[in-house]
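In this text, all values refer to a predicted model and were calculated from it rather than measured experimentally.
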Amino acid sequence: MSLTHLLVPTFVQMLKGLSAWLAKAQATGGDDADALLSARLAPDMFPLSTQIRFACVQAQEAVYRLKGEDFPAALGGLLDEGRNGAEHPGSIADAQGRIAQTVALLEALGPDALDAAAGTMIAHALPNGMILDLTAEQYARDWSLSQFYFHLMSAYAILRGNGVELGKADYVAHMFPYIRPGTMPTG
């Protein structure tokens, strides 16, 4: 499987899922839904607003890194927004906008946009000064996807823990097209 065919559909379907979770939070929470953006799983973890932004950052960062392109200033801005999410959580509408921008970037990619990087080495510098030396495949599998899912699942857990009625069907909604006709349980 190519890097493009692994990452792009994964990021798109899960970001659309995150968008649906936020829509559900908005529908059930009304005007109070924006307060959820300040909610955390634990006092030393980032709030929901940051988890959403960082999920978007991980998807976008993978695109630019695997295409061998410099990060645009907008990506740095999104990263800074995430780091400051506790002080400036924004609104559900803002979060939906960030997700939509990320999905649009992903959906605009060509069918092999990330594949030229296959087999190349990536030096991934972390904010604490450590540098990870990874092949593009290792970066995609061991860093990009795991970090993306960490922030996505943190967002899911924060929403669920704060009363948004989410379940497994919300998490795997992208799987419904694969259900064999006549096998869906009723009732």
Side-chain angles (χ1 to χ4, degrees), residues 6-63 74-107 124 126-128 140-179 184-187:
L6 172 65
L7 294 175
V8 174
T10 300
F11 291 149
V12 168
Q13 68 195 18
M14 295 311 296
L15 286 169
K16 287 181 177 180
L18 176 58
S19 180
W21 308 341
L22 292 174
K24 203 174 223 188
Q26 187 83 52
T28 58
D31 294 336
D32 296 331
D34 286 347
L36 286 172
L37 293 168
S38 295
R40 300 169 187 257
L41 284 176
D44 64 342
M45 288 184 73
F46 284 119
L48 176 60
S49 62
T50 297
Q51 303 300 340
I52 295 164
R53 289 165 174 150
F54 282 1
C56 292
V57 164
Q58 288 302 320
Q60 291 183 38
E61 188 176 284
V63 167
L75 184 56
L78 182 57
L79 188 58
D80 287 341
E81 280 182 23
R83 289 179 180 134
N84 297 311
E87 294 81 28
H88 305 286
S91 66
I92 297 283
D94 295 334
Q96 292 285 25
R98 294 295 186 225
I99 294 167
Q101 289 170 343
T102 304
V103 168
L105 170 76
L106 293 162
E107 289 181 335
H124 181 51
L126 301 177
N128 65 5
R141 181 192 67 220
D142 300 335
W143 179 265
S144 185
L145 284 174
S146 64
Q147 292 296 310
F148 174 77
Y149 274 107
F150 174 85
H151 295 297
L152 189 82
M153 284 309 305
S154 294
Y156 179 94
I158 290 168
L159 290 167
R160 179 106 195 252
N162 281 277
V164 178
E165 291 188 26
L166 297 173
K168 186 74 165 232
D170 297 292
Y171 186 75
V172 297
H174 61 279
M175 296 300 294
F176 291 150
Y178 301 112
I179 297 173
M184 179 71 116
T186 57

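At least one side-chain heavy atom of C56 sits less than 4.5 Å from a side-chain heavy atom of L15. Side-chain atoms of F11 and Q58, non-hydrogen and from C-beta on, never get closer than 4.5 Å to each other. For the pair F54/L79, a side-chain contact is recorded, criterion being any heavy-atom separation below 4.5 Å from C-beta on. When side chains are defined from C-beta on, L48 does not count as touching N162, because their heavy atoms never get closer than 4.5 Å. Counting heavy atoms from C-beta on, the side chains of L37 and P47 never come closer than 4.5 Å. Side-chain contact between W21 and I52 is absent, with no heavy-atom pair separated by less than 4.5 Å. At a threshold of 4.5 Å between non-hydrogen side-chain atoms, the residues E61 and H124 count as touching.
Listed by first then second residue, pairs satisfying ring-ring contact (aromatic ring centres under 6.0 Å, His included) with a partner in residues 74-101 number zero, not counting sequence neighbours. Pairs passing the side chain to side chain donor-acceptor pair (under 3.5 Å) check and including a residue from residues 39-52, sequence neighbours excluded, read Q51-H151.
K16 contributes atom NZ, which lies 12.0 Å from atom CD1 of I99 (distance to the nearest 0.5 angstrom). Here the straight-line distance linking atom CG of L36 with atom CG of L22 works out to 9.0 Å at 0.5 Å rounding. For the atom pair L105 CG and Q60 CD, the distance stands at 5.5 Å (nearest 0.5 Å).
Within 6.0 Å of OH on Y178 lie no more than 12 heavy atoms contributed by other residues, nucleotides or ligands.
A distance-only check finds no donor-acceptor pair linking the side chain of D80 to the backbone of G77 [under 3.5 Å]. The main-chain N or O of S19 is found under 3.5 Å from a side-chain atom of Q96 such that the two form a donor-acceptor pair.
For the salt bridge (charged side-chain N to carboxylate O under 4.0 Å, His left out) test, no residue two or more places apart in sequence or in another chain qualifies with D142. When the salt bridge (charged side-chain N to carboxylate O under 4.0 Å, His left out) test is applied to E81, the partners found at least two apart in sequence or on another chain are R53, R98. The side-chain contact (heavy atoms from CB on, under 4.5 Å) test applied to Q13 returns H174, not counting sequence neighbours.
Minimum heavy-atom separation, E165 to D170: O-OD2, 3.9 Å. Residues T10 and F148 approach most closely at O-CE2, 4.4 Å, considering heavy atoms.
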Sequence neighbours excluded and cut-off under 3.5 Å, please list the side-chain donor-acceptor pairs for residues 152-160, or say none.
{"unit_1": "S154", "atom_1": "OG", "unit_2": "F150", "atom_2": "O", "d": "2.9"}
{"unit_1": "Y156", "atom_1": "OH", "unit_2": "G167", "atom_2": "O", "d": "3.3"}
{"unit_1": "R160", "atom_1": "NE", "unit_2": "L166", "atom_2": "O", "d": "3.0"}

